[in-house]
Amino acid sequence: MRLDNMLLAEGVSGPEKGGGSAAAAAAAAASGGSSDNSIEHSDYRAKLTQIRQIYHTELEKYEQACNEFTTHVMNLLREQSRTRPISPKEIERMVGIIHRKFSSIQMQLKQSTCEAVMILRSRFLDARRKRRNFSKQATEILNEYFYSHLSNPYPSEEAKEELAKKCSITVSQVSNWFGNKRIRYKKNIGKFQEEANLYAAKTAVTAAHAVAAAVQNNQTNSPTTPNSGGYPASCYQSDGRIQ
DNA sequence: ATTCATGATTTTAT
DNA sequence: ATAAAATCATGAAT
């Protein structure tokens with residue numbers, strides 16, 4: 001039966017090309033044409049929805065192509081029925097073949113989409129796993145906060161947001177930093193003593209400046225310097241209690 | 001190449 | 001949900 005052959009040939013070669021291109025599109029969406037190595041969370045979600053969209057549109061296209069093809073075949077059969085008798089059984093068989101073909105192609109699409117998502121996922125995880133040191137400035141700010149709140153180094157959500165803004169990092173990075181800092185400080189206070197003193201002195205200096213400024217603003221004439229040490233009460237407690 | 005510091009993630013406990 | 005603790009993985013110093 002040559003109709004059979006034609007059906008199979010066309011069924012395979014036609015849409016299968018579409019399947020390939022769909023897979024390629026999905027893969028492209030996954031790997032992202034962007035040259036940027038670090039994929040942001042928003043990018044990740046955007047690409048995910050992109051993949052989903054591609055999948056759905058392709059699926060719809062296949063559905064449509066399948067319907068078109070079946071009607072096409074039906075027409076051919078009807079034409080042939082003029083020259084030879086065609087049983088309903090035969091028509092049913094044709095339709096079955098067509099549907100099997102298309103559904104296998106759809107499976108292929110599903111698989112390639114799945115693959116694309118996996119690739120995207122692994123890339124995202126890789127990117128997330130990459131560690132970039134914070135800027136010197138950012139660690140300064142964080143350390144300043146930490147050592148000036150050493151007795152209770154748990155910034156509130158609001159404080160975290162402010163720190164994040166000042167350091168141009170995310171809030172969760174601030175949380176990570178404090179989590180790491182607290183545990184590492186506690187684990188080896190001695191190692192951090194120098195740093196602690198350094199930042200205590202630093203904040204003391206800035207405080208002293210503030211005091212000086214305040215003095216200058218408030219007292220136009222100041223015969224006596226504020227207080228002896230020049231430093232306001234020491235800002236760091238030795239009891240670094242963390243728990 | 002090894003080691004250390006550090007940001008991120010996972011696991012565990014509350 | 002949040003923090004501690006353990007662990008992972010990378011960047012930088014040696």
Side-chain angles (χ1 to χ4, degrees), chain A residues 26-55 111-207 209 231 233-243:
Chain A
S31 60
S34 78
S35 54
D36 192 357
N37 214 8
S38 70
I39 304 174
E40 288 297 323
H41 196 82
S42 55
D43 286 338
Y44 174 73
R45 294 211 307 186
K47 288 193 167 66
L48 209 60
T49 57
Q50 191 183 342
I51 289 171
R52 227 196 310 270
Q53 193 181 334
I54 287 171
Y55 172 72
Q111 194 188 333
S112 65
T113 302
C114 219
E115 209 169 296
V117 170
M118 286 310 202
I119 290 167
L120 178 59
R121 209 174 127 81
S122 73
R123 277 178 193 235
F124 176 67
L125 288 178
D126 284 353
R128 209 168 38 153
R129 198 105 202 160
K130 282 240 187 299
R131 185 180 67 77
R132 279 316 295 177
N133 285 348
F134 296 154
S135 71
K136 196 75 183 166
Q137 226 175 2
T139 50
E140 285 269 310
I141 291 166
L142 293 168
N143 273 317
E144 240 167 71
Y145 188 98
F146 182 80
Y147 286 111
S148 60
H149 299 74
L150 201 49
S151 59
N152 186 32
Y154 297 85
S156 65
E157 196 58 30
E158 198 164 300
K160 280 184 195 171
E161 277 167 26
E162 196 176 324
L163 285 168
K165 194 174 175 183
K166 273 203 266 190
C167 300
S168 40
I169 57 178
T170 67
V171 172
S172 54
Q173 282 179 306
V174 173
S175 298
N176 289 341
W177 191 91
F178 274 89
N180 284 321
K181 192 71 183 183
R182 281 192 301 261
I183 192 70
R184 283 165 185 166
Y185 179 83
K186 190 173 85 167
K187 200 167 241 179
N188 188 354
I189 292 176
K191 200 172 74 178
F192 289 95
Q193 200 53 56
E194 198 182 343
E195 192 177 68
N197 292 336
L198 194 149
Y199 280 100
K202 191 187 291 286
T203 58
V205 165
T206 64
H209 283 162
Y231 290 168
S234 172
C235 298
Y236 64 96
Q237 293 84 345
S238 55
D239 78 311
R241 183 180 356 356
I242 295 179
Q243 49 182 359

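Lettering follows sequence order; numbering is per chain, from 1. Keep in mind it's a predicted model, so treat the numbers as computed, not measured.
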A.B. asks: If only side-chain N and O atoms of A:Gln173 are considered, is one of them under 4.0 Å from the OP1 or OP2 phosphate oxygen of B:dG7?
C.D. replies: no
A.B. asks: Quick one: A:Asn152 CG to C:dT2 P, roughly how many Å, whole number?
C.D. replies: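 Going from CG in A:Asn152 over to P in C:dT2 covers 16 Å.
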A.B. asks: Measure from the side-chain heavy atoms of A:Arg132 and tell me the nearest of C:dA5, B:dG7, C:dA12.
C.D. replies: C:dA12
A.B. asks: Give the minimum heavy-atom separation between A:Lys160 and A:Ser175, together with the two atoms involved.
C.D. replies: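 For A:Lys160 and A:Ser175, the tightest heavy-atom pair comes out as NZ-OG, 3.2 Å.
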A.B. asks: Over how many whole Å does the gap from A:Lys191 atom NZ to B:dT3 atom P extend?
C.D. replies: 16 Å
A.B. asks: Applying a 4.0 Å non-hydrogen cut-off, can you work out what A:Arg184 is touching in the nucleic acid: base, sugar-phosphate, or nothing?
C.D. replies: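 Base, at least one base atom sits under 4.0 Å.
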A.B. asks: Check the distance between B:dA5's P and A:Glu194's CD and give it to me in whole angstrom.
C.D. replies: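 One finds 13 Å between P of B:dA5 and CD of A:Glu194, rounded.
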A.B. asks: Measure NZ/A:Lys160 against P/C:dA1 and give the value in whole Å, please.
C.D. replies: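 To the nearest whole Å, that distance equals 14 Å.
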A.B. asks: What is the separation between atom CG on A:Asn188 and atom C1' on B:dA5, rounded to the nearest whole Å?
C.D. replies: 13 Å
A.B. asks: Hey, does A:Tyr199 have a side-chain heavy atom less than 4.5 Å from the side chain of A:Glu140?
C.D. replies: yes
A.B. asks: For the pair made of CZ in A:Phe134 and P in B:dA5, what is the distance, rounded to whole Å?
C.D. replies: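 Atom-to-atom, A:Phe134 to B:dA5, this comes out as 18 Å.
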A.B. asks: One thing to verify: whether A:Lys166 and A:Glu144 come together as a salt bridge, which I'm taking to mean a side-chain N less than 4.0 angstrom from a carboxylate O.
C.D. replies: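 A salt bridge is absent here (no side-chain N lies under 4.0 Å from a carboxylate O).
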A.B. asks: Looking only at side-chain N and O atoms, does A:Lys186 come under 4.0 Å of OP1 or OP2 in C:dA5?
C.D. replies: yes
A.B. asks: Identify which nucleotide among B:dT9, C:dA6, B:dG7 has an atom closest to any side-chain atom of A:Asn176, counting heavy atoms from C-beta outward.
C.D. replies: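 That would be B:dT9.
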A.B. asks: Can you check whether A:Glu161 reaches A:Val174 side chain to side chain, under 4.5 Å on heavy atoms?
C.D. replies: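 Heavy-atom side-chain distance check fails, nothing below 4.5 Å.
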A.B. asks: Considering just the side-chain nitrogens and oxygens of A:Tyr154, establish if one lies under 4.0 Å of OP1 or OP2 belonging to C:dA4.
C.D. replies: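 For A:Tyr154, the contact criterion (side-chain N or O under 4.0 Å from OP1 or OP2 of C:dA4) is met.
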A.B. asks: Please compare A:Asn180 and A:Glu157 by the position of their nearest nucleotide in DNA chain C and report the one closer to 5'.
C.D. replies: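 This one resolves to A:Glu157.
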A.B. asks: Using only modelled atom types and a 3.5 angstrom limit, is any donor from either the side chain of A:Asn133 or the base of C:dA12 paired with an acceptor on the other?
C.D. replies: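 Flag unset: no donor-acceptor pair detected.
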A.B. asks: Which nucleotide, C:dA9, B:dT9, C:dT7, lies nearest any side-chain atom of A:Arg131?
C.D. replies: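 Nearest nucleotide to the side chain: C:dA9.
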A.B. asks: In this structure, how many angstroms lie between the P atom of C:dG11 and the NZ atom of A:Lys136, rounded?
C.D. replies: 18 Å
A.B. asks: For the pair A:Phe178 and A:Tyr145, name the ring-plane relationship: parallel under 30°, tilted 30 to 60°, perpendicular over 60°.
C.D. replies: perpendicular
A.B. asks: At under 4.0 Å, does any side-chain N or O of A:Lys187 touch on OP1 or OP2 of C:dA6?
C.D. replies: yes
A.B. asks: Grab the CZ-C1' distance between A:Arg182 and B:dT6 for me, whole Å please.
C.D. replies: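 Taking CZ of A:Arg182 and C1' of B:dT6, I get 16 Å after rounding.
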